[in-house]
Amino acid sequence: MADKLTTFFEDFLEKNSLFTNKKALQSSFIPDEIRHRDEQINAVANILAPGLRLERPSNLFLYGKTGTGKTLVVRHTAKNMMEVAEERGIPLKIFYLNCKLKKIADTEYRLIAELARYLGKAIPPTGLPTDEVYNIFFQALDKEQQVVIFILDEIDQLVKKAGDEIIYNLTRINSELKHAQVGIIGISNDLIFSNNLDPRVKSSLSEEELVFPPYNALQLQNILQRRCNLAFERGLLEEGVIAKCAAYAAREHGDARRALELIRVAGELAERAGDQKVTITHLDAAEEKIERDRFLDVVEHQPKQFQAVLYAIIATSKDRASYSTGEIYNNYKELCIKIGLRPLTQRRVSDIIAELDMLGLINAKVISKGRFGRTKEIMLSLPTSLIPKITNLLREGLSL
DNA sequence: AGGTATTCACATGAAACTATTCTCTGAGTTAGG
DNA sequence: TAACTCAGAGAATAGTTTCATGTGAATACCTGT
């Protein structure tokens, strides 16, 4: 066995990888040249530029759907700007922070703590009053003459969890700072997010606004082509693969990230199969694999109670298409007793159902059946082919 | 027949509670001078 | 007396529970014809 393994690894190394630079297809990759976003880059650069003269740059709010290059444009511009600042010894600091990251920046405390950490202050993960952390942050910020720009990515997630006061406080902080100046760049995927914002917050955050339209198929194709040139040997991609990939992603609201992922996975599949070329078949397989993996991954990483509820739904969904909250809850309770799990209240289960819906594992719609009450109409939205696998996963998770 | 009042079966919201993780503080203890 | 230890108070957070209130439309119940 050991011999076999060794040969396997040796073979693996021997085998020429189809990729010359896989990094170029990963979403964290920042290419030197960004296509089809000149306008936005210029706009961002113009807005941020005053920072180099130690004037406060306007706050900026960017929005556009996922994979339209918002983060990329901002990071790219920020990088260039930092280079200039460093060269000239300008006290400019730019920090990028993704608010979606759990346990990092999804509450007021954590956001401020994280920002303070950027400024070189060690803040414990808990235990301190929020005011205290805020003070530390403020002191660190105002310690010297400087311009600081905070880039808050996926800011909608933060507001959803922690309210918009934080943003308001952050935008107002300038009036209290004596030496430093703060500019904020907010990035959001949610187009209607800014409408739900407190008007005061909205006006202070979006002194400038920038919309990122989705890429169209042609632009996607162009982007893909570039990245593939970096990532693969020339001629490795079968004719039409890029076009199809672009078309697929354009259908999904022009998401370049998905397109890149798709082609990367296609490449990996081809490589694993020992094929010399990436073909359309691989692409189709990749599309399916991504979808499958997403489901399995989501299911596997749910907390126990969620899994129990999901299992109850799957076990229930045998003879009819949809079920009501009450029915599911009863079955869930039975299941809990069977496996020795403390059953949650119906209130909570109702929320869990709503969350499973958000995750796209089930489909839950509130309907009114008149005299017979109001409930959610719950049905599974898993691909049928995956159900046995998921059932097994859940059995394992729940030790059934 | 047409109108309105009820009623069901939950949905949805808000507040309060629990458990866990973590810091800070100050009393008590220890050991060295 | 300085250094150390350790329990207790206080915070933040996630996950719930408790209590309260809301709700869409099928039906029951009237009403006047």
Side-chain angles (χ1 to χ4, degrees), chain A residues 97-140 154-155 157-167 169-170 196 198 298-313 316-317 320-337 339-359 361-380 397-398:
Chain A
L97 184 57
N98 191 329
C99 304
K100 195 180 70 179
L101 297 175
K102 290 230 162 180
K103 313 268 179 188
I104 303 244
D106 58 349
T107 67
E108 175 172 19
Y109 181 95
R110 298 215 259 247
L111 175 74
I112 303 291
E114 192 60 23
L115 295 182
R117 267 179 222 127
Y118 277 137
L119 296 169
K121 296 283 172 186
I123 307 283
T126 171
L128 256 50
T130 308
D131 295 2
E132 184 81 18
V133 178
Y134 193 80
N135 279 338
I136 297 174
F137 167 64
F138 189 88
Q139 305 285 332
E154 315 219 24
I155 201 169
Q157 301 288 325
L158 176 68
V159 171
K160 203 164 74 193
K161 272 205 69 175
D164 46 18
E165 261 174 65
I166 317 162
I167 316 278
N169 291 340
L170 268 181
N196 307 333
D198 184 320
V298 169
V299 170
E300 194 177 355
H301 292 111
Q302 288 311 305
K304 235 183 179 156
Q305 292 288 2
F306 281 59
Q307 294 189 339
V309 174
L310 184 60
Y311 187 85
I313 296 173
T316 311
S317 309
R320 250 182 304 147
S322 72
Y323 293 84
S324 69
T325 305
E327 291 172 288
I328 299 292
Y329 182 66
N330 286 337
N331 287 4
Y332 157 80
K333 261 205 308 212
E334 274 175 36
L335 174 71
C336 282
I337 293 166
I339 63 174
L341 195 66
R342 196 172 57 86
L344 301 176
T345 51
Q346 180 160 326
R347 176 71 190 81
R348 180 65 184 138
V349 171
S350 175
D351 277 350
I352 291 179
I353 289 174
E355 285 181 52
L356 290 175
D357 179 38
M358 293 276 281
L359 289 167
L361 298 175
I362 64 176
N363 210 311
K365 199 168 75 199
V366 185
I367 55 159
S368 176
K369 291 193 287 188
R371 194 70 215 273
F372 307 105
R374 231 162 88 93
T375 181
K376 283 202 188 92
E377 192 183 51
I378 300 161
M379 47 193 158
L380 279 176
L398 299 168

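Keep in mind that the numbers below use all heavy atoms, side chains included, and drop hydrogens, waters and symmetry copies. Since we're looking at a predicted model, the values are computed, not measured.
For the pair Lys376(A) and dA11(B), the criterion of a side-chain N or O lying under 4.0 Å from OP1 or OP2 is met. Between Ser350(A) and the phosphate of dC10(B), there is no side-chain N or O to OP1/OP2 separation shorter than 4.0 Å. For Thr130(A), a side-chain nitrogen or oxygen approaches OP1 or OP2 of dA12(C) to under 4.0 Å. Distances shorter than 4.0 Å separate none of the side-chain N or O atoms of Thr126(A) from OP1 or OP2 on dA11(C). Residue Lys161(A) has a polar side-chain atom (N or O) positioned under 4.0 Å from OP1 or OP2 of dA14(C).
With dT18(C), dC10(B), dC24(B) as the candidates, the nucleotide lying closest to the side chain of Leu128(A) is dC24(B). Of the candidate nucleotides dA11(C), dA25(C), dT27(C), dT27(C) has the atom lying nearest to any side-chain atom of Phe372(A). Checking dA12(C), dG15(C), dT12(B) against the side-chain heavy atoms of Arg348(A) singles out dG15(C) as nearest. Of all nucleotides listed (dG24(C), dT18(C), dC22(B)), dG24(C) comes nearest to the side chain of Ser368(A). Distances from the side chain of Arg110(A) to the nucleotides dC10(B), dA14(C), dC24(B) place dA14(C) closest. Listed candidates were dT23(B), dC10(B), dT16(C). Nearest to the side chain of Arg342(A) is dT16(C).
The residue among Arg371(A) and Arg374(A) whose nearest nucleotide of DNA chain C is located toward the 5' end is Arg374(A). Both Pro125(A) and Lys369(A) lie near DNA chain B, and the one whose nearest nucleotide falls closer to the 5' end is Lys369(A).
A donor-acceptor contact closer than 3.5 angstrom links the side chains of Tyr332(A) and Gln305(A).
Atom-to-atom, CD of Gln346(A) to C1' of dT12(B) comes out at 13 Å; the value is rounded to the nearest Å. Rounded to whole Å, atom C1' of dG15(C) lies 11 Å from atom CG of Asp351(A). Across the protein-nucleic acid pair, Asp106(A) atom CG and dA14(C) atom C1' stand 11 Å apart, rounded to whole Å. Atom C1' of nucleotide dA9(B) and atom CD1 of Ile353(A) are separated by 13 Å, given to the nearest angstrom. Separating the NZ atom of Lys333(A) from the P atom of dT17(C) is a distance of 12 Å, rounded to the nearest angstrom. The distance from atom CD1 of Ile367(A) to atom P of dA9(B) is 13 Å, rounded to the nearest whole Å. If you take OH of Tyr109(A) and P of dG10(C), they are 17 Å apart, rounded to a whole angstrom. A straight line from NZ of Lys304(A) to P of dT16(C) spans 13 Å, rounded to a whole angstrom.
In this structure, Gln305(A) reaches the sugar-phosphate backbone alone: every heavy-atom distance under 4.0 Å involves primed, P, OP1 or OP2 atoms, never a base. Among the protein residues, Arg347(A) comes within range of the nucleic acid bases, having at least one heavy atom under 4.0 Å from a base atom. Across all strands shown, Lys365(A) has no heavy atoms under 4.0 Å from either base or sugar-phosphate atoms.
Other residues, nucleotides and ligands contribute over 12 non-hydrogen atoms within 6.0 Å of the CD atom of Glu355(A).
The line from CG of Leu361(A) to CD1 of Ile313(A) is 9.0 Å long, rounded to the nearest 0.5 Å. In this structure, OG on Ser322(A) lies 4.0 Å from CD on Glu377(A), to the nearest 0.5 angstrom. Note that CD1 of Ile353(A) is 10.5 Å distant from CG of Leu310(A), once rounded to the nearest 0.5 Å.
Smallest separation of non-hydrogen atoms from Ile123(A) and Arg117(A): O-NH2, 2.9 Å.
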